[in-house]
Amino acid sequence: MGADLHDIRYVRIGSDDLDESVRFATEILGLELMERDRSCAYLRGDDRDHNICYVKGRDAGTMTGWEVGSMTALDQAAAEFDAACVRVRAGTSEEREQRRVRGLLILNDPSGNTIELVARPQACGRRYFPTRDAGITHFSHVGLHTRNAPADEGFWVANLGAKVSDWIGDAALIRINEVHHNVALFPSTKSGVQHVNFQVESQDDIMRSWYMLQNRNVKVVFGPGRHPTSGARFLYFQGPDDMIYEYSTGVRMITAEDEKSYVPRSFPKEPSSFCMWGSLPDIPEFKVPVDVARAA
Ligand SMILES: CC(C)c1ccc(C(=O)O)c(O)c1O
Ligand SMILES: [Fe+2]
């Protein structure tokens, strides 16, 4: 049941300094700058027209865009939201233009995270050309702060057709397609995007970036490590406006065949559930009480 989401499409991030956000995204992250005006900067790490839009003004907040397969599918989703008494609104023509999409439906999860369903997003005939060879293959998932994990999880499952792949404590790793997760809901006192993930080609890219980030005095906040959940090797680091970015490689796919026997796992909220190699996170939402950490 629920909207038939095809894939994650973009994340919009309010920024107090567009120049700094663009510098970081190009020189450090390795994204390609596609368009820039006074209020927005569009960048990408794959062949889509953009993956991140930095919007002038941090108070613009964050929102995530999710592609549905057609305008008809978007209309069907709107009807299902109405039937489920989920408040949605159609995007204005200006909002559609800003997002480079033909169809736009805007809603919020129970925590207040802005979720945008989009149809007929603008394609691009040119291949991604990185500013730095970070080995990025594509934009893959986001972490969202949740003020009420069970309620938000229930919303994604009931209204957005998602499935839980694993839990770490109350945090759900949720998929809308064959990727292990496209969104991770992490308990917090606030809402908004918590991290942005780009897949990279290999573990070598993870390690090369680890040394580069240290040399460029970028704060590494978790890893290099390996998630026992998706099996991906990872590296998290701090960008402008308190946004965290994650490179990872080797994320598990849950195919239609796997679905027949796949059962989501419940990992306890302890360090080994976040990293099976022993890396400890310097990320508030991922930290566990010291006694739990010592006991692990
Ligand atoms: C700790 C965060 C939310 C997390 C946990 C697991 C994975 C994974 O299995 O790939 C992530 O990508 C995460 O960001
Ligand atoms: Fe992640």
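Atoms within each ligand, like the ligands themselves, are counted from 1 in listed order.
Both tests hold for R100 against Y42: distance to the six-membered ring centre under 6.0 Å, angle to the ring axis within 45°.
Here the side chains of R44 and L31 are not in contact, with every heavy-atom distance at 4.5 Å or above.
Looking only at atom types and distance, the side chain of S111 has no donor-acceptor partner in the side chain of S191 under 3.5 Å away. H227 and H180 share no donor-acceptor pair across their side chains, judged by distance under 3.5 Å alone. No side-chain N or O of S202 forms a donor-acceptor pair with one of T249 less than 3.5 Å apart. A donor atom on one side chain and an acceptor atom on the other are not found under 3.5 Å apart for E94 and T92.
Here the straight-line distance linking atom CD of E116 with atom CZ of R96 works out to 12.5 Å at 0.5 Å rounding.
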Practice task
Could you give me the CA-CA distance, side-chain angles and deciding distance for H141 and E246, then say whether side-chain hydrogen bond (donor to acceptor under 3.5 Å, both in side chains) is met?
Solution key: CA-CA 9 Å; H141 72 258; E246 177 191 17; 3.0 Å; yes
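Taking the ring centroids of F186 and F286, they lie under the 6.0 Å cut-off.
Sorted by chain and number, the residues within 4.0 Å of ligand 1 by heavy atom are H141, I168, L173, H181, A184, F186, H195, H227, T229, S230, Y236, E246, F274, F286.
Near-neighbour remark for the Fe ion (ligand 2): protein N, O or S atoms under 2.8 Å are H141 NE2, H195 NE2, E246 OE1; waters not counted.
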